[in-house]
Amino acid sequence: NKNCQRNNGMENKKKVEININLNFFKMSEFDQPGIPGSGKEYMDINFLMILDNMRNRSGVPYKITSGYRSQEYNDKLSNSSKTSAHIQGKAVDISAPTSNQKYAIIEAALHFGIQRIGIGSNFIHIDIQEKPEKPTKVIWTY
């Protein structure tokens, strides 16, 4: 039949939506500015579960200042790595204006096996990027 086009079996392929219940976060907190739903669509589920456990352990509020980033958005930021884990949904920046907050967040990150931590003057970056060019068991400052 001429009207039947081959579609290589794609007619039944639907995007599977996985919902997770986070105790301390709304998925919208991980959205790129201007792109509602991007956190839910692109953030790594395992990473979010670690983050939720970290928040529970540390006992301090987490304000996510940066979650998911598209490559285009990331490239516009002045000090971001071109291969940032934010692009993969495997990184967040957490507001941490006090030394006590920084300590609590870092202690929880280490407890749950986070091996890449960046310390800024008012935030903590954590990621689980697994690329060979990215070293693990590192803490750096901004």
Side-chain angles (χ1 to χ4, degrees), residues 3-142:
N3 294 330
C4 293
Q5 297 291 320
R6 293 188 87 202
N7 59 13
N8 298 323
M10 295 303 288
E11 72 274 10
N12 293 323
K13 299 279 184 189
K14 292 182 181 176
K15 186 170 181 178
V16 176
E17 186 170 312
I18 298 172
N19 290 311
I20 62 169
N21 292 321
L22 298 173
N23 294 314
F24 297 100
F25 301 99
K26 295 177 191 159
M27 291 305 294
S28 61
E29 294 180 69
F30 304 101
D31 289 351
Q32 175 181 308
I35 306 182
S38 56
K40 182 175 183 177
E41 185 166 353
Y42 297 113
M43 288 299 291
D44 182 271
I45 292 170
N46 293 324
F47 181 59
L48 293 177
M49 292 170 62
I50 292 168
L51 196 62
D52 210 45
N53 287 325
M54 284 175 51
R55 166 59 184 86
N56 184 53
R57 180 177 176 87
S58 64
V60 297
Y62 284 22
K63 179 182 177 195
I64 305 301
T65 58
S66 186
Y68 169 73
R69 299 177 190 163
S70 67
Q71 184 71 60
E72 296 75 21
Y73 180 79
N74 188 71
D75 289 348
K76 292 177 185 174
L77 301 175
S78 59
N79 291 322
S80 66
S81 164
K82 298 294 181 204
T83 59
S84 172
H86 287 275
I87 298 164
Q88 301 172 339
K90 294 184 175 185
V92 292
D93 295 343
I94 305 164
S95 177
T98 71
S99 59
N100 289 344
Q101 286 172 306
K102 285 180 182 70
Y103 181 88
I105 293 166
I106 292 168
E107 190 282 330
L110 293 170
H111 177 82
F112 287 105
I114 299 295
Q115 297 184 9
R116 294 182 43 78
I117 300 170
I119 304 172
S121 60
N122 61 356
F123 72 96
I124 299 293
H125 166 97
I126 62 166
D127 76 57
I128 58 166
Q129 194 165 42
E130 300 156 2
K131 290 186 172 187
E133 67 270 18
K134 296 279 188 167
T136 57
K137 296 186 179 178
V138 292
I139 295 178
W140 66 90
T141 58
Y142 292 93

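Only heavy atoms go into these numbers, but all of them, side chains included; no hydrogens, no water, no symmetry mates.
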Exercise for the section: Taking all heavy atoms of Ala109 and all of Ile117, pick out the closest pair and write down the distance. Expected result: CB-CD1, 4.0 Å
Handout entry: pair Lys82-Asp75: side-chain heavy atoms closer than 4.5 Å
Key = yes
Handout entry: Close side-chain approach of Gln88 to Asp44, heavy-atom, < 4.5 Å
Key = no
Practice task
Go through the steps to decide whether Val60 and Thr98 satisfy the test side chain to side chain contact (heavy atoms under 4.5 Å, CB included), and finish with yes or no.
Solution key: CA-CA 11 Å; Val60 297; Thr98 71; over 6 Å; no
Handout entry: Reported OH-to-CD1 distance for the pair Tyr103 and Ile119, which is rounded to 0.5 angstrom
Key = 12.0 Å
Handout entry: Side-chain (Lys102) to main-chain (Ala96) donor-acceptor, under 3.5 angstrom
Key = yes
Exercise for the section: Compare every heavy atom of Ala91 with every heavy atom of His125, then report the nearest pair and how far apart it is. Expected result: CE1-CB, 3.6 Å
Exercise for the section: Nearest 0.5 Å please: distance from the NZ atom of Lys134 over to the OG atom of Ser84. Expected result: 6.5 Å
Problem - Between OH on residue Tyr42 and CG on residue Asp31, distance to nearest 0.5 Å - result: 11.0 Å
Exercise for the section: Please examine the side chains of Met43 and Val92, heavy atoms only from C-beta on, and report whether any two atoms are closer than 4.5 Å. Expected result: yes
Handout entry: All side chain to side chain contact (heavy atoms under 4.5 Å, CB included) counterparts of Leu22, not counting sequence neighbours
Key = Ile20, Phe25, Met27, Phe30, Leu48, Asp52
Problem - Donor-acceptor contact below 3.5 Å, side chain Gln129 vs main chain Thr83 - result: yes
Handout entry: Asn122 side chain to Ser95 backbone, donor-acceptor under 3.5 Å
Key = no
Handout entry: Contact check, side chains of Asp93 and Ile124, non-hydrogen atoms, under 4.5 Å
Key = no
Fill in the blank from the handout: Residues at least two apart in sequence or cross-chain that pass side-chain hydrogen bond (donor to acceptor under 3.5 Å, both in side chains) with Tyr73, listed by chain then number, are none
Problem - Side chain to side chain, Ser28 and Lys40, heavy atoms closer than 4.5 Å - result: no
Problem - Heavy-atom check, side chain of Met54 versus side chain of Ile114, under 4.5 Å - result: yes
Practice task
Using modelled atom types only, decide if a donor and an acceptor are shared between the side chain of Arg69 and the backbone of Gln32 within a distance under 3.5 Å.
Solution key: no
Fill in the blank from the handout: Sorted by chain and number, sequence neighbours left out, side-chain hydrogen bond (donor to acceptor under 3.5 Å, both in side chains) with Tyr142 holds for Trp140
Completion exercise
Separation between CZ (Arg116) and CD1 (Ile139), nearest 0.5 Å, reads 11.5 Å
Completion exercise
Output for pair (Ser58 OG, Asn53 CG), nearest 0.5 Å, gives 10.5 Å
Problem - Verdict with supporting geometry, Ile126 and Leu51, side chain to side chain contact (heavy atoms under 4.5 Å, CB included) - result: CA-CA 9 Å; Ile126 62 166; Leu51 196 62; 3.6 Å; yes
Problem - Side chain to side chain, Ile35 and Glu41, heavy atoms closer than 4.5 Å - result: no
Handout entry: Contact check, side chains of His86 and Ser80, non-hydrogen atoms, under 4.5 Å
Key = no
Fill in the blank from the handout: Output for pair (Lys26 NZ, Ile64 CD1), nearest 0.5 Å, gives 13.0 Å
